[in-house]
Every structure is written in C-alpha cells, then in structure tokens.
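Working notes for the structure below.
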Amino acid sequence: MPSNRLLRPAAGLLSASTKRVKPTRCGRLYEAARQAHTSSQSLGISAIPRPTLRTSSRLPTITSLSARTIFIQTATTPNQDALKFLPNHQVLPPGFPTTFIEYMNPRSTIAPPYPSPLAAQLMSIDGVTSVFYGQDFITVTKSPDANWIHIKPEVFSLITETITAGHEIVTLSKKEGGDEGQEASEDTLSYDENDSEVVGMIKELLETRIRPAIQDDGGDIEFRGFEDGYVKLKLRGACRTCDSSTVTLKNGIEGMLMHYVSNSRNYTRWVVRMFGF
C-alpha cells in the first residue's frame, strides 16, 4: 500500500539541517581573531616577524686548547709519618745527575744547586718536616703529632697547581760557598772503574735487589763505603726515620751479601752499618 509520507531530496535535507546549526565556540574564536587582524592592518600595526635561521656556508672555527691532566695516587710506607705521592708526571728532570733530592728544612728549598718552589710550599705546611723527590714520586714526612687529615688536601692542591700550570718542580742554579743546600749527590751506586771487585758486586746487589724495594717504600739508599766486611749505607726518604724498617732492611742486606757475595769471596761475616739519621 503506497505511503502518504512526503519524501524530500537528500540535498534539501542537508541544506535545511545546516541552516539550523549554530556557530560553535571555535567559530567565534576564529571570527574574533580575524576581526582583530583586520583592525590592526587598518591602524598600520604589523605583526612581529618570526625569527629565521640564518644559514652560512662557513662552519665556525673550533680552537683546540691543550690542557694538562694529572692524576695523583698515594701509597703508604712502613713509616706512618711518611706518605708517598705519585703524580702521572716526571718529578726530576731528564738527565738529572742523581736519583733523588731531599729537603730537610725550609732554607734548603731555595738554596742552590737544586731549589724547588714546590718543596718550599710543601715545607710551609704546618707539620711537614721534610720533602723527598724520587724520579716519579714525592714523599712527604710529617711530625709525629701532626695529622694527615689536615696535611693531605694541601699537598694534593700544591702538586696539582704546580703541574697543571707547567711550572718546573726542580730548577738548577749555581752553588756558592756557605749555602745550605739539599741532601743530594751523584748516584753512589753507579759504576766506577776504580772500584774493587767486591765493591762492584755490592753495588750491583744494592742497585738490582735493594734499591727498587726501598724506592717502592718512598725512599732511596746511598753507598758510603766498604772496609773489612763492614758495608756503610745511608737511607733516605721515608726509610730514613723509620727504626723498624731500618733493622729489617739491615738484616735483609746482610743475608743477601752472605748469599750472593760470600760464595765468591772469603768473607764469612757481613756487617751493614746504617748511619746519618
């Protein structure tokens, strides 16, 4: 049975519904923005231009800066009043005539022939009694009543400032009479053509077996002579003021002399004398 409903075209329905739709909020905002833009143009006000990125065919020049890097390690020694500092930097200059320098008082740090501004600063720290330079380490000795908690930060700071600034740790100057210089001399363990066979063997033993162990402990050793089975030695650095390590080292050297030298010579007893403390 035919329907009495009047069918409207789809286009007509769409247009009629569209007319009844009220403007949305977004439409009102857009209209307000458009009117503001029109008003600004009529008043001669122009919008602020957007920033643009300038392109250039030339790349910026990067200047390379060379910087000194330093890493300081510390090592304990048998002497509780001596501490070994190891910067990743050579302490004694290349070709230096001796294997160590020892500063026993503030005056010696500025006296010829090997004055050291760094040693002078270290000696000015309250509680420091001596400064010892090895090839690649620095040993600082303090008084028994001083505390490392107060001394170590200052030592770290002074060593770091000296090396990073490129300053010389040791300088060379001409020695004049009457100056109270450093405790340093030519290497007493080096070869000398005037040495006897026994002295040559003693020096070789000290150089190859004794000195490396003493340097590991923050010190060094000097050969002062040999006569009738008596070997005269002098300790430096951390070992100089350590009585317990001195006795142990003395017995060890005597045992080595008995083992390595007595087999080829007619000495049945060796006596090592440590002196100069």
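On a predicted model such as this, the values are computed, not experimentally measured, just so you know.
Side-chain contact check for Asn79 and Thr141: no donor-acceptor pair (N or O, by modelled atom type) lies under 3.5 Å. In this structure, a donor-acceptor pair under 3.5 Å is absent between the side chains of Asp187 and Thr98.
Val271 belongs to a hydrophobic cluster with Tyr230, counting contacts under 4.5 Å between side-chain heavy atoms of Ile, Leu, Val, Met, Phe, Trp and Tyr, direct or through other members. Tyr191 shares a hydrophobic cluster with no other residue; no ILVMFWY side chain has heavy atoms under 4.5 Å from its own.
Interatomic distance, Glu254 CD to Arg273 CZ, rounded to the nearest 0.5 Å: 11.0 Å. Atoms OG1 and CZ, on Thr139 and Arg240 in that order, are 10.5 Å from each other to the nearest 0.5 Å. In this structure, the separation between CD1 on Ile221 and CG on Leu235 is 5.5 Å, given to the nearest 0.5 Å. Note: Asp220 CG to Ile101 CD1 = 11.5 Å, rounded to the nearest 0.5 Å. For the atom pair OG of Ser116 and CD1 of Ile110, the computed distance is 11.5 Å after rounding to the nearest 0.5 Å. Rounding to the nearest 0.5 angstrom, the gap separating the CG atom in Asp81 from the OG1 atom in Thr241 is 6.5 Å.
With hydrogens and angles disregarded, a donor-acceptor distance shorter than 3.5 Å links the side chain of Gln90 to the backbone of Gln135. Panel note: side chain Ser157, backbone Pro153; no donor-acceptor pair is recorded below 3.5 Å. For Asn105 (side chain) and Ser108 (main-chain N/O), a donor-acceptor pair under 3.5 Å exists by modelled atom type. Side-chain atoms of Asn88 come within 3.5 Å of backbone N or O of Phe71 as a donor-acceptor pair. Not a single donor-acceptor pair under 3.5 Å links the side chain of Trp148 to the backbone N or O of Lys142. The backbone N or O of Leu83 sits nowhere less than 3.5 Å from a side-chain atom of Thr77 that would complete a donor-acceptor pair. A distance-only check finds a donor-acceptor pair linking the side chain of Thr188 to the backbone of Phe223 [under 3.5 Å].
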Practice task
Could you give me the CA-CA distance, side-chain angles and deciding distance for Leu233 and Leu206, then say whether side-chain contact (heavy atoms from CB on, under 4.5 Å) is met?
Solution key: CA-CA 10 Å; Leu233 304 175; Leu206 295 173; 3.6 Å; yes

Practice task
Test Thr74 against Val155 for side-chain contact (heavy atoms from CB on, under 4.5 Å), laying out the working first.
Solution key: CA-CA 11 Å; Thr74 59; Val155 175; over 6 Å; no

Exercise for the section: For the pair His150 and Asn147, evaluate side-chain contact (heavy atoms from CB on, under 4.5 Å) and give the outcome as yes or no after the intermediate values. Expected result: CA-CA 6 Å; His150 306 296; Asn147 197 324; 3.7 Å; yes

Exercise for the section: Please step through side-chain contact (heavy atoms from CB on, under 4.5 Å) for the pair Ile70 and Ile72, ending with a clear verdict. Expected result: CA-CA 6 Å; Ile70 178 173; Ile72 303 176; 3.8 Å; yes

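Annotation: side chain of Leu249 is in contact with side chain of Ile210 (closest heavy-atom distance under 4.5 Å). Looking at Met201 and Tyr260, their side chains never come closer than 4.5 Å, going by heavy atoms from C-beta outward. In this structure, the side chains of Leu92 and Asp136 stay at 4.5 Å or more apart for every pair of heavy atoms.
For Glu161, there are no salt bridge (charged side-chain N to carboxylate O under 4.0 Å, His left out) partners at least two apart in sequence or on another chain. For Asp217, there are no salt bridge (charged side-chain N to carboxylate O under 4.0 Å, His left out) partners at least two apart in sequence or on another chain. Shown here are the ring-ring contact (aromatic ring centres under 6.0 Å, His included) partners of Phe85, two or more places apart in sequence or in another chain: Phe156. For Lys84, there are no salt bridge (charged side-chain N to carboxylate O under 4.0 Å, His left out) partners, not counting sequence neighbours.
A pairwise comparison of heavy atoms in Cys242 and Pro78 identifies SG-O, 3.7 Å as the closest pair. In terms of heavy atoms, Ile169 sits closest to His89 at CD1-ND1, 4.2 Å.
In terms of hydrophobic clustering, with Ile, Leu, Val, Met, Phe, Trp and Tyr side chains grouped at heavy-atom distances under 4.5 Å, Val247 and Val231 are assigned to different clusters.
Of the charged side-chain nitrogens involved, none lies within less than 4.0 Å of a carboxylate oxygen, so that Lys152 and Glu154 do not count as a salt-bridged pair. A salt bridge does not link Lys203 to Glu207: none of the charged side-chain nitrogens sits closer than 4.0 Å to a carboxylate oxygen. Of the charged side-chain nitrogens involved, none lies within less than 4.0 Å of a carboxylate oxygen, so that Glu204 and Arg209 do not count as a salt-bridged pair.
Among Val131, Ile151, Thr109, the single residue meeting the side chain to side chain contact (heavy atoms under 4.5 Å, CB included) criterion with Leu122 is Val131.
Taking the six-membered ring for Trp and the full ring otherwise, the centers of Tyr133 and Tyr114 sit at least 6.0 Å from each other.
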